[in-house]
Amino acid sequence: MSAVVAVFAPLDKPLSYEVPAALREQVAPGVRVRVPLGNRRALGVILELASAGVEGLRPVEEVLDLQPLLSSPMLAFLRRAAAYYHHPLGEVLRAALPAGLTAVKTRVNIVTERFYRAACAVQDPPGARQREILAWLRGREEVPLSEISRHFPAPHAVLKRLVELNLLSVREGERRRDPFLDQPVPVDVRPVLGVDQQQALAALLDALAAGRFAQFLLHGVTGSGKTEIYLHAIAAVLEQGRQALVLVPEIALTPQLVARFRTRFQAACARVAVLHSALSEGERYDAWRAIARGEVQIVIGARSAVFAPLPDLGIVVVDEEHESGYKQSEGWRYHARDLALLRAQGSAAVVVLGSATPALTTFYRTQAGDTGYLSLDARVLGRPLPEVELVDLGGRRLSGALAPELMEALSATLERKEQALLLLNRRGFAPYLLCRECGATFRCPNCEITLTYYQSRRRLRCHYCDYVQRPPERCSGCGGTSIEPEGAGTERLEEELAVAFPVARIARMDRDTTSRKGAHQSLVDGMEQGAIDILIGTQMVAKGHDFPRVTLVGVIGADSSLNFPDFRSAERTFALLTQVAGRAGRGTLQGRVLIQTYAPTHHALACAARHDYLGFYEQEIAFRRELGYPPFGYLINLVLAGNQPLQVERCAAELAEELSRKAGEVEILGPAPCPLARLRGKTRYQILLKAAARAPLHRLLGVVDSRRRKLPRTLSLAVDVDPLDML
DNA sequence: AGCACGCCGACT
DNA sequence: GTCGGCGTGCTC
């Protein structure tokens with residue numbers, strides 16, 4: 001008997017192993033095995049078994065699972081995914097399984113831990129620390145050791161003594177800690193559905209009742225009540241005894257969404273599992289097993305949650321489906337929304353893609369009829385959309401980052417004691433330092449970009465590789481000393497506003513101010529409690545939260561994303577502007593949006609100002625059609641990177657040459673240096689493959705696969721199927 | 001990925 | 001004369 005095994009290694013094909021007689025009872029497709037590979041061992045998953053013996057196979061050494069870890073629909077899904085993305089199956093399986101199940105060095109998963117509970121005794125112990133911990137424990141139920149450790153350093157000896165004194169009881173229990181449980185549970189409000197919502201829901205319920213694969217776009221502006229529809233549809237899925245998967249672009253920004261799900265389904269006793277990056281290896285494993293056993297009805301998570309092993313998946317919700325966070329940007333470059341569709345096909349599940357600004361490709365599918373279109377026209381409670389004005393900066397010279405119009409609007413907002421939100425999609429004080437004498441800028445030695453200047457810390461920093469240096473006293477080129485920051489980032493804007501509005505309470509929200517745990521939440525709280533008057537931030541401020549007292553939104557660098565060297569730059573700009581504009585006037589107050597731009601006639605800006613998705617779509621789709629870009633063509637980007645510039649260039653040229661010979665109907669663009677031609681010390685070249693259909697592209701990738709192994713090992717080749725950006 | 005094999009520079 | 005640099009090939 002032999003087994004075909006996908007080994008967790010970047011091999012281009014599965015390997016066959018002999019199944020020893022002693023292991024015959026234990027093997028099955030979907031179980032993990034330990035196998036010899038070269039002169040080491042590796043883990044892998046059995047894909048299939050064959051009774052016919054083959055000579056000269058090495059034996060399976062150990063079977064690691066009693067039951068298949070991956071069900072057969074799940075395996076089928078992952079095989080299709082591997083084929084689609086031209087990624088080694090073993091690596092795909094590794095990405096789909098919780099870390100810890102794929103490493104050879106088998107770590108014992110922590111499944112139990114000690115729980116302590118204060119006894120009913122009233123007398124107090126002698127030690128001060130003992131009293132302290134006991135008092136704390138008396139205020140709560142059963143507490144796991146890990147949580148006690150978080151509040152008290154090295155509590156073990158103290159706890160042991162308290163147990164000896166019979167003041168505490170201990171129990172060994174299964175570990176289940178979930179940071180999202182700390183969220184206050186909101187009251188479950190069940191708003192009455194509007195007409196649009198009822199129609200959308202009815203369509204979803206019909207599809208669910210049919211029990212077949214179907215996909216829908218739920219198109220509605222922020223605040224139009226998409227979440228309520230998800231909740232209703234999921235309730236119907238649970239009724240059928242099936243499970244639901246909810247994907248969100250970034251789980252860290254959605255604690256209130258999670259809380260809402262928890263509250264709603266508490267009564268139905270449905271278990272909601274949240275998969276997020278803060279889970280330890282053990283917790284992740286526990287959650288994964290519970291999901292696979294069918295004990296969890298609803299899974300909420302970021303892109304990797306698309307691999308959650310729900311046994312009978314009935315619905316997948318992809319919230320904010322246009323978000324780029326769904327695309328994995330290194331290693332296996334999958335897109336969770338596209339994988340969700342692939343998976344749902346195999347599970348006869350319904351997919352709901354929700355967005356206020358759907359990806360162009362998604363909206364196109366609704367026009368073509370492949371995807372059902374459900375539209376929520378009005379904001380709930382009929383709140384009007386904010387008035388948006390474009391402030392044309394053409395030919396004007398500003399004294400600071402803000403135009404007078406925006407300054408005036410800000411002071412009016414402050415006078416009314418309302419809040420303002422300013423979007424400037426650039427961190428730091430200034431995007432670069434400039435020598436006034438010779439025009440030199442200061443660049444990262446590893447990456448081909450200018451170093452961002454941080455005034456607060458007096459440092460220059462690279463946003464790509466984190467290289468840091470002190471700002472130079474004099475220019476290395478001409479020796480000049482008049483070196484000045486050019487352009488403005490959030491740090492500078494904050495400073496400028498502090499001068500202009502000395503009494504205003506100003507806060508900044510970007511990756512630099514929110515890296516500390518809980519920092520993001522405290523800024524959100526500050527806004528909600530009215531402790532902040534002006535919130536400055538990068539695109540982070542456009543996402544996630546409702547601030548009911550925000551009546552003014554200002555956008556400062558609206559054009560910077562428009563000038564990205566990428567065919568999707570208009571789409572991204574439109575989505576960001578629409579999203580941030582939606583932040584104004586969420587409460588009962590009328591909102592106003594001012595967008596500073598040099599390109600007021602560009603359709604991304606003009607349409608965003610009119611809240612006109614359809615108008616934007618019409619213009620953008622015409623451009624895509626003309627150039628054969630998605631959805632009218634399919635792209636695969638090949639990125640070659642290496643330390644030696646000449647070698648990278650030469651190999652890229654050779655690869656492109658060979659591809660051209662076999663191109664057929666595939667268009668080969670390049671090789672050309674990537675827009676980020678150097679990144680973390682590596683020189684990068686790209687070759688873009690473009691075709692009107694997928695099949696010839698995939699055929700051509702066969703050439704890449706066979707050539708991959710012949711490349712010098714000092715070079716890396718990344719295959720990006722359906723690239724989102726090409727930097 | 002990991003690991004060995006194999007062919008060219010600076011050391012005891 | 002070796003030790004070891006990393007380019008190259010292979011893993012059932």
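By convention in this document, chain letters (A, B, ...) are assigned in the order of the sequence lines, proteins followed by strands, and residues within each chain are numbered from 1.
- Residue A:F213 qualifies as enclosed at atom CZ: its count of foreign heavy atoms under 6.0 Å is above 12.
- Residue-environment remark: CZ (A:R24) exceeds the threshold of 12 foreign heavy atoms within 6.0 Å.
- Residues meeting the ring-ring contact (aromatic ring centres under 6.0 Å, His included) test with A:F567, sequence neighbours left out: A:Y629.
- The shortest distance between the side-chain N/O atoms of A:N39 and the OP1/OP2 oxygens of B:dA4 is below 4.0 Å.
- Between A:H87 and A:W332, the two ring planes are parallel [angle under 30°; tilted spans 30° to 60°].
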Item checked: 5'-to-3' dot-bracket of DNA chain B (Watson-Crick, G-U; under 3.5 angstrom; crossing pairs as [ ]; | other strand) -> |||||||||||.

Check: Please walk me through it: do A:V639 and A:D720 pass side chain to side chain contact (heavy atoms under 4.5 Å, CB included)?
Finding: CA-CA 8 Å; A:V639 180; A:D720 194 351; 5.7 Å; no

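- A salt bridge is defined here as a Lys NZ or Arg NE, NH1 or NH2 lying under 4.0 Å from an Asp or Glu carboxylate O, and A:R457 with A:D512 fails to meet this definition.
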Notebook entry, point to check: Going through the checks in order, is the side chain to side chain contact (heavy atoms under 4.5 Å, CB included) test met by A:M726 and A:L688?
Noted result: CA-CA 9 Å; A:M726 287 166 293; A:L688 187 62; 3.5 Å; yes

Next item on the list: Between protein and nucleotides 5-12 of chain C, map the contacts as a letter string: B base, S sugar-phosphate only, - none, heavy atoms under 4.0 Å, written 5' to 3'.
Entry: --SBBBBB

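- Between A:K682 and A:A641 the shortest heavy-atom distance is CB-CB, 4.3 Å.
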